[in-house]
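All chains are named by letter (A, B, ...) in the order of the sequence lines, taking the proteins before the strands, and each is independently numbered beginning at 1.
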Amino acid sequence: MPGSSVDVDGDGTHFEAVIVSSDFNGKTLLERHQLVYKVLGDAMKERIHALSLKTYTPEQWDKIR
Amino acid sequence: MEDVLKIIDSQVANNKVILFMKGTREMPQCGFSAKVVQILNSHGVQYETVDVLADPEIRQGIKEYSQWPTLPQLFVGGRFIGGCDICVELNESGELGPILKDAVRE
């Protein structure tokens with residue numbers, strides 16, 4: 001996802017990711033997660049057992065930071 | 001696979017609140033599933049659960065059905081709400097309660 005800031009923590013199969021992207025502007029949580037899953041593609045089916053996601057737009061991120 | 005998708009579709013259509021999960025609500029087999037059960041219980045709504053571990057075809061089929069790669073998956077009023085993270089966030093923001101109440105009332 002170009003222009004995104006991604007912070008990932010994990011043990012090889014279980015991951016936690018915090019993603020800040022302007023691609024999330026105007027999207028619901030569901031649409032944001034779907035976008036991330038789409039980018040991950042087959043890795044999600046084969047290598048990743050669990051992925052916990054936090055998705056923010058740059059504006060939202062500025063507020064909570 | 002088509003038959004499984006039909007079965008899932010009727011389960012989603014016939015239950016106002018339905019959670020596809022690993023294990024049962026009494027004995028969840030995964031922390032993420034347990035978390036969503038806990039949230040649903042806290043709202044006191046009636047809901048159905050499907051244990052995907054009991055049926056490999058459903059387990060695969062549900063991911064196909066919703067185009068969503070992980071479990072658990074919550075459906076309310078025939079609509080896919082999301083997985084554990086989304087349920088937690090919607091619950092914390094206070095949005096989940098009204099979504100559940102509206103669906104149960106209809």
Side-chain angles (χ1 to χ4, degrees), chain A, chain B residues 1 12 17-23 28-39 52-53 56-100 102-103:
Chain A
M1 292 169 65
S4 304
S5 153
V6 182
D7 182 37
V8 182
D9 206 6
D11 65 2
T13 51
H14 297 70
F15 298 91
E16 282 180 24
V18 177
I19 304 168
V20 181
S21 173
S22 54
D23 289 351
F24 295 146
N25 283 332
K27 287 196 169 67
T28 64
L29 273 180
L30 184 67
E31 290 165 339
R32 293 177 187 191
H33 287 221
Q34 276 169 332
L35 183 62
V36 175
Y37 289 143
K38 196 175 146 200
V39 171
L40 289 170
D42 286 344
M44 202 56 221
K45 289 178 194 151
E46 289 152 14
R47 298 204 306 274
I48 301 172
H49 172 73
L51 173 65
S52 175
L53 287 174
K54 293 266 185 210
T55 51
Y56 304 100
T57 62
E59 289 75 21
Q60 288 175 321
W61 182 246
D62 280 341
K63 271 185 207 151
I64 63 161
R65 193 167 42 176
Chain B
M1 181 57 90
V12 168
V17 183
I18 183 166
L19 179 67
F20 291 82
M21 61 178 288
K22 293 181 178 173
Q29 300 295 317
C30 148
F32 299 103
S33 290
K35 182 75 205 172
V36 179
V37 164
Q38 192 193 334
I39 289 172
V52 301
L53 298 180
E57 283 197 50
I58 296 277
R59 184 177 183 173
Q60 208 44 51
I62 188 66
K63 297 178 182 178
E64 198 78 26
Y65 180 77
S66 56
Q67 292 294 305
W68 191 263
T70 58
L71 286 148
Q73 296 188 9
L74 179 67
F75 292 79
V76 179
R79 195 164 64 94
F80 179 51
I81 300 298
C84 180
D85 288 336
I86 289 182
C87 291
V88 168
E89 279 198 51
L90 290 178
N91 192 43
E92 285 171 357
S93 70
E95 289 166 82
L96 188 62
I99 292 173
L100 291 170
D102 285 352

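- If you measure heavy-atom distances from Leu51(A) to chain B, the contacts under 4.5 Å come from the backbone alone.
- Contacts of Ser5(A) classified as side chain to side chain contact (heavy atoms under 4.5 Å, CB included), with partners at least two apart in sequence or in another chain: Val20(A).
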What are the atom names and distances for all donor-acceptor pairs below 3.5 Å between chain A and chain B?
from     : atom 1 : to       : atom 2 : distance (Å)
Tyr37(A) : OH     : Thr70(B) : OG1    : 3.4
Ser52(A) : OG     : Asp85(B) : OD1    : 3.2
Leu53(A) : N      : Asp85(B) : OD2    : 2.4

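- Scanning both residues, Leu30(A) and Ile81(B), for their nearest heavy atoms gives CD1-O, 3.5 Å.
- The contact between Phe80(B) and chain A is made by backbone and side chain atoms together, counting heavy-atom distances below 4.5 Å.
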